[in-house]
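See below for the structure under consideration.
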Amino acid sequence: MMKQFIIGISGITNGGKTTLANRLLKLLPNCSLICQDDYFKPDSDIETDENGFKQYDTIEALDMETMIKAVHSWIKLSQDVLAMEEKKEMCSTCEEKAYFLIVEGFLLYHYKNYYCRPLENVLNRKYFLSIPYEESKQRRSRRIYNPPDPPGYFDGHVWPMFLKHKKEMEETHSDIVYLDGTKSEDEIQSLVYSDIISSFSIHK
């Protein structure tokens with residue numbers, strides 16, 4: 001049997017989402033990656049609040065429609081490849097073949113907005129990385145953003161929006177695997193990889 005398996009990796013800013021996604025990309029066979037950060041709208045389209053902070057940490061800042069299309073394009077393409085291989089009767093070589101997709105981003109499980117609804121139906125496994133406030137703030141201060149964070153941006157926008165979205169997510173979903181982002185990269189990778197393989201076996 002051949003299979004598609006789609007993995008969601010979400011979490012707090014600088015919590016280790018991209019690192020984990022890139023590590024799994026190298027480990028999992030026939031694996032592709034879609035990053036939510038690649039779907040930000042142009043800076044001119046991002047709203048500004050009363051404090052002058054650009055509202056990047058909202059679903060409205062993202063072109064979710066295009067991102068969802070990319071996910072479904074991958075599903076269609078991998079289905080076509082699987083069907084073609086089955087047609088060629090390559091059973092001996094593709095009996096256990098699987099195609100994996102990692103969808104990585106900070107607002108994957110925020111379902112208030114209808115754009116996100118289609119993800120709910122295609123994600124086979126959902127992970128969420130958390131780190132404490134101080135750790136997140138410290139890690140973010142070491143990164144270079146374009147445009148750069150203005151003074152007070154983390155406390156005035158990033159952290160409040162994270163708490164808001166996390167609360168909404170927890171009220172909506174009970175099937176998310178929560179991960180401690182303060183653990184080592186190797187430890188997180190090992191835990192998630194084992195869980196994916198185990199979940200994949202169940203879904204087969």
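Treat the numbers as computed from the prediction; the structure is a model and nothing was measured.
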By side chain to side chain donor-acceptor pair (under 3.5 Å) - contacts of [X] (at least two apart):
X: Thr182; result: Asp180
X: Thr13; result: Arg140
X: Gln79; result: none
X: Lys183; result: none

What residues, two or more places apart in sequence or in another chain, satisfy salt bridge (Lys or Arg N to Asp or Glu O under 4.0 Å) together with [X]?
X: Glu50; result: none
X: Asp57; result: none
X: Arg23; result: Glu185, Asp186
X: Lys26; result: none

Return the set of residues passing ring-ring contact (aromatic ring centres under 6.0 Å, His included) with [X] (not counting sequence neighbours), or none when no residue passes.
X: Tyr99; answer: none
X: Tyr153; answer: Phe53, His157
X: Tyr193; answer: none

Review point. With Cys31, which residues qualify under side-chain contact (heavy atoms from CB on, under 4.5 Å), at least two apart?
Key: Leu25, Leu28, Phe100, Ile102
Exercise for review: Ignoring hydrogens and angles, tell me if any N or O in the side chain of Gln36 forms a donor-acceptor pair with the backbone of Leu107 under 3.5 Å.
Suggested key: yes
**Study point:** Sub-6.0 Å ring centroid separation between Tyr133 and Phe154
**Key:** yes
